[in-house]
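To start, the structure itself, in structure tokens.
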Amino acid sequence: MAPSRACPYAGRLDFSHEAPLLKNVYDPATLEPRWQRHWEDQGLFRAKNPGETGFDPRQPKFYVLDMFPYPSGAGLHVGHPIGYIGSDIVARRKRMEGCNVLHPMGYDAFGLPAEQYAIQTGQHPAETTRQNIATYRRQLKALGLSFDWSRELSTSEPAYYRWTQWIFARLFDLGLAYQSDKPVWWCEELKTVLANEEVISGRSERGGHPCVKRPLKQWMLRITAYAERLLADLDELDWPEHVKAMQREWIGRSEGAEVDFAVEGAKETLTVFTTRPDTLYGATFLVLSPEHPLVAKLTTAETRAQVEAYVRAAGAKSDLERTDLAKEKSGVFLGSYALNPAFESGEKGARIPIWIADYVLAQYGTGAIMAVPGQDERDWEFAERFALSIVRTVQPPKGFDGKAYTGDGPAIASPRWEGQRVAEAKASAIAWLETAKHGRAKVTYKLRDWLFSRQRYWGEPFPVLHHADGRTTRVPDELLPVELPAMKDFTPSADGSPPLARAKAWLETKDPVSGKSVRRDTDTMPGWAGSCWYYLRFMDPANERAPFAPEVQAYWGSVDLYVGGVEHAVLHLLYARFWHKVLYDLKLVTTKEPFQRLFNQGLLTAFAYKDARGALVPVDQVEERDGAHVKKTSGEKVEPIIAKMSKSLKNVVNPDDVIAEFGVDTFRVYEMFMGPLGESKPWNPRDVGGSRRFLDRLWRLLVDEEGGAVRADLLQERGGTPSGETLTLERALNKTLKRIDDSFTGFNFNTAIAAMMEFVNEGTRARAALTRSQAERFLCALAPFAPHLCEELWSRLGHGDSITRAAWPVADPAYLVDDEVELVVQVNGKLRAKIRVPKDADKAQLEALGRAAVSEQLAGKSVKKVVVVPGRLVNFVGE
RNA sequence: GGGGAAGUGGCGAAACCGGUAGACGCAUCGGACUUAAAAUUCGAAGGCCGCAAGGCCGUGGGGGUUCGAGUCCCCCCUUCCCCA
């Protein structure tokens, strides 16, 4: 809020003795909670499932879903609900269009922050989560969002995670869940492992703590088995192109070949992956990653000390540091040689040295590359640095003076495919490798298997049992859920063993099949697990026999519109798609993809302030004086910056405060009026009042503030075709309805609200001409945006049923055209006059009318050309 | 380094297919109402020159295509996002 200003409505709501006593002012503080109670009592937003009473199979279904929130301790700020409001508008409109709308909300409640908080405060995460959810629920309900609250769920409840474990059991049975002890990212600060995608530049994505690679036994999910389908099926989705592009990049498909290199004086072969098999003749050395299993074996006595030191140093670096292009290349010669299969042994170029270098990563391809400096920039740099030979095998274009040439061109120095261009040469090289048995065509993906365990308490326990003989079996479905044991201390042990390892009574158990002693798994699932399928549980949230009934899923299909932040473009959306495809293969769901249409709302930013020393000043301590921002107390000048709302920037605005001052409908209208939903824009407390004034004006247009519930003349409908001012209003209304409709395509509701403001202004100007029917159609169109106010006015107009059940108003094309249109008259492309012309005037008439209007400017000039665009302009082009 | 999105008044923004740039709103200024203020209401307002009529300039910068470019093409600058 603009802290320097008192509430601008204080005057209106202050019934002091001198103010005229208005019984009927717009008072959102009383009417909004009343309508919210009404909606809840009537169960107006309950979606009907097949088989329920009142379910109508002829009604089209529409599933509109928000990405559910992680209930943090701070509660909602005004940036969170912007997407919820947008999706709510769609949901409410779809209901008015006669759809059976599924619009649920829940909580992604497992996760690290609650546990970190628990460790600090000693409060159980179940307890803090319960409290946080209560806050979220209260705030969400205050926003008047039309959720079907009977479907509310939380991923940390046993009734929910029972089925998360059940789905894990399916993955386990399919061999898609397995244990591995490859090196994984370990975060010392968080005392847990993290997935590759949760570590950015060697630091944890959450909290920015340093991470190191460590070998640990971990659960992995074989998402790579679905790489091809996760890639291919993107094509059919109605998603923003850049999100699809990010997923494609993340999956990182590359086509190429594996090539086997014999090692001189050893029986092992080294297999490398290359996307450029056509450059085989130019492979002048091999480079292994320092972690490659054959490094020790291929190291000679003379080089051993140096190699071992290098391997140690490389282990401490992050992938980003290792592959940074700007970085000086480093590496060590192992002392051994490989034989390039393109050459006969003894031929020049056949014997090539084997190096290790940290720019080659163990996880990608085979962890080894053939270096082709002539056609690869990094290899060129490496060759230059260590004086290794460089052979061009693709002819660069004339005048090329660079180093490595990576473009297209004819093959040279490559007898088997001499002269062929890159694409053709690749095919020839692969064909030759396969017949000569030196290699094979190969597709690799950058996508890695998903590291699926965390050494934490607050997550889903794995429904598995470890046997003394080393076998791992899963807990039978009928014994799920495996509930978290009650614990008081969640601190990870100093040795890194998880908290669950200390829950002895829980840990040691009997195998229900054999009766023998077994141990449970002490890891838990990562925070992503619950969100992988929550959209399915919403379809049938109370089902105790299955995660969801097949006929219910068959009815709701997939999510028609999924709204959320772009920060989930890769991880959540990829993981959920993976699980969905597994369920599809098991014939548990009928659709290939979970989310048909995706929309990303833009980031809501806010002003934050810095003083002269650069220290942050909380927003509520700043005011505007004479166009400058100053500190309230001292008058000291502060500099405004625009940034994401966050506690640390001290620029968080709480929706509770905005609602208390202006009402929810104003809040909803303002958030949508700020700009297109997809774009990021700053919250400006100064602007909120404008949205409130719009609703006030509407109220006064319809309500008799000094007496009746509505203006008396609106109680009865006037018949007949509109004429005069009423006709003008009818046209204005239909244009408004059209613009509102158009705004739903791109979620630029700001234009819809602008149109509605114009109509209210127009209506205020011609108050007496406004008919009941016009008022009603307008209210129906505004209802999804400002539902409480519209319900109130709708009921005051005498309707017993909720406006939610009213029909969505459609523009009548007959009223979208005017009798006269404004025409612009230009001379040489410059605006010289505006004239009003009949809408059906032909080109010749338009030219004549235009010529008359600019006769003065045309005097003495010769007109060479006349451009006439009916409905737009006439342009006279002279010399 | 590669890819993507964006850049329009003091501010948030609008402009369908190339056809009146700045709708709508905020802030600002002025009139009415009021003892006064608030609220309300009517009106002004991109910049420059001019008493005015009017003129010139103007959508990050530079070029181009066109009768006509915020919109299309080329080059450049800045910001944000993703990848390396």
Side-chain angles (χ1 to χ4, degrees), chain A residues 2 5-14 16 18-20 22 25 200-201 240-250 252 319-320 322-327 359 377-378 446 566-567 569-570 600 602-603 605 607 624 626-627 640 642-644 669-670 673-676 678-694 696-697 700 705 736 738-739 742-743 745-746 748 750-761 764-765 821-835 863-879:
Chain A
R5 281 161 218 288
C7 166
Y9 302 94
R12 287 196 66 78
L13 301 176
D14 172 20
S16 64
E18 274 166 316
L22 300 178
V25 291
I200 295 162
S201 310
E241 275 312 316
H242 69 276
V243 174
K244 290 198 209 178
M246 281 162 73
Q247 293 225 343
R248 284 190 192 106
E249 263 175 50
W250 191 262
D319 289 0
L320 191 85
R322 287 172 51 158
T323 54
D324 189 353
L325 286 170
K327 186 201 74 157
Y359 76 93
E377 283 164 28
R378 287 187 301 189
K446 212 165 69 187
V566 74
E567 65 271 20
V570 180
N600 297 124
L603 187 70
T605 54
F607 294 106
E624 217 181 313
D626 311 316
I642 287 184
K644 190 173 169 170
V669 167
Y670 173 63
F673 184 58
M674 291 170 77
E679 261 151 55
S680 106
K681 55 238 161 201
W683 174 274
N684 192 342
R686 220 173 51 182
D687 293 348
V688 185
S691 297
R692 169 63 188 257
R693 275 198 278 273
F694 158 57
D696 277 327
R697 280 166 75 89
R700 286 193 300 269
E705 286 191 307
T736 300
K738 170 86 168 60
R739 286 170 69 185
D742 292 346
S743 75
T745 338
N748 49 341
N750 52 326
T751 61
I753 293 164
M756 290 189 275
M757 286 173 166
E758 283 178 63
F759 180 76
V760 169
N761 291 344
T764 303
R765 230 166 275 135
V821 290
E822 196 174 58
L823 191 79
V824 166
V825 188
Q826 294 181 333
V827 177
N828 287 330
K830 288 192 191 247
L831 175 67
R832 285 295 116 106
K834 292 178 188 180
I835 52 173
V863 174
K864 282 200 295 202
K865 185 176 175 183
V866 183
V867 182
V868 182
V869 185
R872 292 282 180 199
L873 54 68
V874 184
N875 187 10
F876 297 94
V877 184
E879 77 276 17

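Given the structure is predicted, the values throughout are model-derived calculations rather than measurements. Here is how names work: the chains are called A, B, and so on, in the same order as the sequence lines, proteins then strands, and each is numbered from 1.
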B:rA6 to B:rA13 separation - P atoms, rounded to the nearest Å: 13 Å
Side chain to side chain donor-acceptor pair (under 3.5 Å) against A:Glu758, all qualifying residues, sequence neighbours excluded: A:Arg739
Base-contact (B) and sugar-phosphate-only (S) positions in nucleotides 43-48 of chain B, heavy-atom cut-off under 4.0 Å, - elsewhere: ------
Please tabulate, one pair per line, each protein N/O and nucleotide N/O from nucleotides 8-13 of chain B that are separated by under 3.5 Å, including the distance.
residue: B:rG10; atom: N2; partner: A:Arg686; partner atom: NH2; Å: 3.3
residue: B:rG12; atom: O2'; partner: A:Met674; partner atom: O; Å: 2.7
residue: B:rA13; atom: O3'; partner: A:Asn750; partner atom: ND2; Å: 3.3

Conformer about C1'-N of B:rC17 - syn within 90° of 0, anti elsewhere: syn
Which residue lies more 5' along RNA chain B, comparing A:Lys834 with A:Ala755 via nearest heavy atoms: A:Lys834
Separation between the P atoms of B:rG64 and B:rG58, rounded to whole Å: 14 Å
Heavy-atom side-chain contact between A:Val243 and A:Asn600 under 4.5 Å: yes
Salt bridge (Lys or Arg N to Asp or Glu O under 4.0 Å) partners of A:Arg765, counting only residues at least two apart: A:Glu762
Short side-chain N/O contact from A:Arg693 to OP1 or OP2 of B:rC24, under 4.0 Å: no
Sugar-phosphate only, base, or nothing, as touched by A:Asp742 at under 4.0 Å among non-hydrogen atoms: nothing
Sugar-phosphate only, base, or nothing, as touched by A:Glu822 at under 4.0 Å among non-hydrogen atoms: base
Between B:rG10 and B:rG61 - P atom distance, rounded Å: 14 Å
Whole-angstrom distance between B:rC75 and B:rU65, as gauged at atom C1': 15 Å
Separation between the P atoms of B:rC56 and B:rG7, rounded to whole Å: 29 Å
Touch class at under 4.0 angstrom, heavy-atom based, for A:Arg248 against every strand present: nothing
Nearest-angstrom distance, P atom, B:rG18 to B:rU71: 11 Å
Interatomic distance at C1', B:rG1 relative to B:rC49, whole Å: 50 Å
By salt bridge (Lys or Arg N to Asp or Glu O under 4.0 Å) - contacts of A:Lys244 (at least two apart): A:Glu241
Enumerate all atom pairs, one protein N or O and one N or O from nucleotides 56-59 of chain B, separated by less than 3.5 Å.
residue: B:rC57; atom: OP2; partner: A:Lys830; partner atom: NZ; Å: 3.2

So which protein N/O to nucleotides 79-83 of chain B N/O distances come out below 3.5 Å?
residue: B:rC83; atom: O4'; partner: A:Glu249; partner atom: OE1; Å: 3.0

Among B:rG4, B:rA21, B:rC26, the one nearest A:His242 by side-chain distance: B:rG4
Under the salt bridge (Lys or Arg N to Asp or Glu O under 4.0 Å) test, residues paired with A:Glu822 that sit two or more places apart: none
Of the listed nucleotides B:rU20, B:rU40, B:rC24, the one nearest the side chain of A:Glu758: B:rC24
Bracket notation of RNA chain B in which parentheses pair within the strand, [ ] cross earlier pairs, and | pairs with another strand (Watson-Crick or G-U, under 3.5 Å): (((((((..(((......[....))).(((((.......))))).((((....))))..(((((..]....)))))))))))).
Set of side chain to side chain donor-acceptor pair (under 3.5 Å) partners for A:Asp742, sequence neighbours left out: A:Lys738
Polar atom pairs (N or O), protein with nucleotides 67-69 of chain B, under 3.5 Å:
residue: B:rC67; atom: O2; partner: A:Asn875; partner atom: ND2; Å: 2.6

For A:Arg832, side chain to side chain donor-acceptor pair (under 3.5 Å) partners two or more places apart: none
B:rU41 phosphate, OP1 or OP2, under 4.0 Å from A:Arg700 side-chain N/O: yes
Same-atom distance (C1') from B:rU79 to B:rC73, integer angstrom: 24 Å
